[in-house]
Amino acid sequence: MKKESWRELPIGGLNVHPGNSVSNLTGTWRSGKRPEFIPENCIQCLFCWLYCPHLAIQVKDGEVVGINYDYCTGCGLCAEECPAKKKAIVMVKEEIALQEGGGQ
Amino acid sequence: MRTKKILSGNEAIAEAVRQVDPDVMAAYPITPSTKIVETIAQFVADGLLSGEFVCPESEHSAMSVCIGAAAAGGRVMTATASQGLALMWEMLYIAAALRLPIVAAIANRALSAPINIHGDHSDMMGARDSGWIQIYSENCQEAYDNFIQAFRIAEHPEVATPVMVGLDGFIISHSMEPVWVEDDAAVKEFLGEYQPHYSLLDTSRQITIGSLDFTDYYFEHKRSQLAGIEKAPQVILEVGREFGQKFGRTYGFFEEYRLEDAEVAIIVLSSAAGTGKEAVDRLREEGLPVGLLKLRVFRPFPFKELAEVLKDKKAVAVLDRCVTPGAETAPVATEVKAALFAYEKRPFVVNYVYGLGGRDIKIEHFQEVARKLMEIAETNRVEQPFGYLNLRE
Ligand code: SF4
Ligand code: SF4
């Protein structure tokens, strides 16, 4: 997307495209680790969804189904908060996750 | 019908507010601006104002209310002083960056510590980089006139920048003078309708204000903010002229007093200019070619215009009612020096700090400055580029 010159911007730094933060892929901020979802351990408490600051926990029909790595910054809150006896979200080194073909 | 009333500077501002009848007035009373807020409250209770009067719990909140109300498309005012303005600090920058034409009356007062309720310009001078337009008033009439003009300047679509109008704490805020209060309808007509650039209440146009900028946009947004204050000089002159045509008192960036044929000049802001003019008259009687320049608009600073009238003088003294710790000179002197620096032939500039915490400045102090200037003009030498007036050494 072409970035505007200062002359082309709306007055007062107005954002005239509300909701345009979807185009800001915060997943690019991730460095080092990413969360990995282990469905068989999940008790569907939705804590991870509640705590995730980037709405990166994907929920379908009221159940956690995965993680959207386009927006996940790898902060680790979900893994920390997951109360399941065997953690249903664990932080994995990015390169290992990629080698295993997980995510994008 | 226009009437001459005996009013304090604060009451003169409140009269202007009554005539402007803003949509929202939000203020937290603080000495010496309290009487502005108090009088507005009285007007509201008497049914003379139709706008919303909000009394928040602090000045930070007062400015926040102003920002919210202005972003909703309202005509908005506030009043404060000293610590109150200091507490508004972060919101001042936001008001300017969001291009909200809020108008604030500042009863200029010293900043703590030590705590002091009297007049100096430290409060507004501290806010000089906040992006607000700054206008200073010499007397109660000017406070009234400037406050009305401030709305026209701020709300001009190409300016869309907040304005603060200063009146010296106690010296003007509490002194009673005859003030022409212009006809209500004539003031309304002068103000005209305000057309905001945007309104949060306009549901047909969805917007977000104050959203996050990264390294790729902040710089462009800051640059675009400056377009407003860059347009201000032209609008300030237009509005000042139109005000003169309508009400008989014309305003510009500054007032020249016996300056044209003067060899040396004194620059001063606000109430001290009155004393300065009297001093100039007496010095002229003695045959000293002294003139005075009373600066009215400090932001945007009228670099070119000021330099044009000063460049051929032999020596100029800038009197600052504020001090910049660690700097070579105080704020006004710094700007004056910068304005003259572009000229090959330029006067010597000296700087005197006076009147901190409301300390008097008298005719004799202006005379003292004028004699020093004459000495510089004659010897072509500056012994002391910076000093203090009426300070116990
Ligand atoms: S690591 Fe952080 S950003 Fe990513 S899904 Fe978990 S809580 Fe959300
Ligand atoms: S916090 Fe853990 S157990 Fe709860 S829904 Fe998320 S992954 Fe499943």
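Each chain gets a letter, A, B and so on, in the order the sequences are listed, and its residues count up from 1. The analysis underlying the following values was restricted to heavy atoms, covering all of them including side chains, and did not include hydrogens, waters or symmetry mates.
With a threshold of 4.5 angstrom between heavy atoms, A:Leu14 approaches chain B through its backbone and through its side chain. Neither the backbone nor the side chain of B:Ala71 comes within contact range of chain A, judged by heavy atoms closer than 4.5 Å. For chain B, no part of A:Ser21 is nearby; none of its heavy atoms comes within less than 4.5 Å. B:Gln206 touches chain A through backbone and side chain together, each having a heavy atom under 4.5 Å away. Of the two parts of B:Ala96, neither the backbone nor the side chain holds a non-hydrogen atom closer than 4.5 Å to a non-hydrogen atom of chain A.
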Open item on the list: Applying side chain to side chain contact (heavy atoms under 4.5 Å, CB included) to B:Tyr217 and A:Leu9, what does each step give before you reach the verdict?
Closed with: CA-CA 10 Å; B:Tyr217 269 103; A:Leu9 291 170; 3.7 Å; yes

Open item on the list: Apply side chain to side chain contact (heavy atoms under 4.5 Å, CB included) to residues A:Val16 and B:Arg205 and explain how you reach the verdict.
Closed with: CA-CA 8 Å; A:Val16 291; B:Arg205 188 178 174 224; 3.8 Å; yes

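Listed options B:Ile209, B:Asp213, B:Leu212, B:Ile207 were ranked by heavy-atom pairs under 4.5 angstrom with chain A; first place goes to B:Ile207. Ranked by heavy-atom pairs under 4.5 Å with chain B, the first of A:Gly19, A:Pro10, A:Gly13 is A:Gly13.
Heavy atoms from other residues, nucleotides or ligands lying under 6.0 Å from NZ of A:Lys93 number 12 at most. No more than 12 heavy atoms of other residues, nucleotides or ligands sit less than 6.0 Å from atom NZ of A:Lys33. In the displayed structure, B:Tyr28 atom OH is contacted under 6.0 Å by at most 12 heavy atoms of other residues, nucleotides or ligands. Within 6.0 Å of OH on B:Tyr251 lie more than 12 heavy atoms contributed by other residues, nucleotides or ligands. More than 12 heavy atoms of other shown residues, nucleotides or ligands fall within 6.0 angstrom of atom CD in A:Gln44. Within 6.0 Å of atom NZ in B:Lys246, more than 12 heavy atoms from other residues, nucleotides or ligands are found, so the atom counts as buried in its surroundings. The environment of A:Leu25 atom CG is dense: over 12 non-hydrogen atoms of other residues, nucleotides or ligands sit within 6.0 angstrom. Other residues, nucleotides and ligands place no more than 12 heavy atoms under 6.0 Å from the CD atom of B:Glu193.
A:Arg7 CZ to B:Arg223 CZ: the interatomic distance, rounded to the nearest 0.5 Å, is 6.5 Å.
A:Ile11 is not listed as a side-chain neighbour of B:Glu158, based on a closest heavy-atom distance of 4.5 Å or more. Between B:His221 and A:Trp6 the shortest side-chain heavy-atom distance does not fall below 4.5 Å. Side-chain contact between A:Asn24 and B:Phe214 is present, with heavy atoms from C-beta onward closer than 4.5 Å.
Scanning all heavy atoms of the two residues, the minimum distance from B:Glu220 to A:Glu4 falls at CG-O, 4.0 Å.
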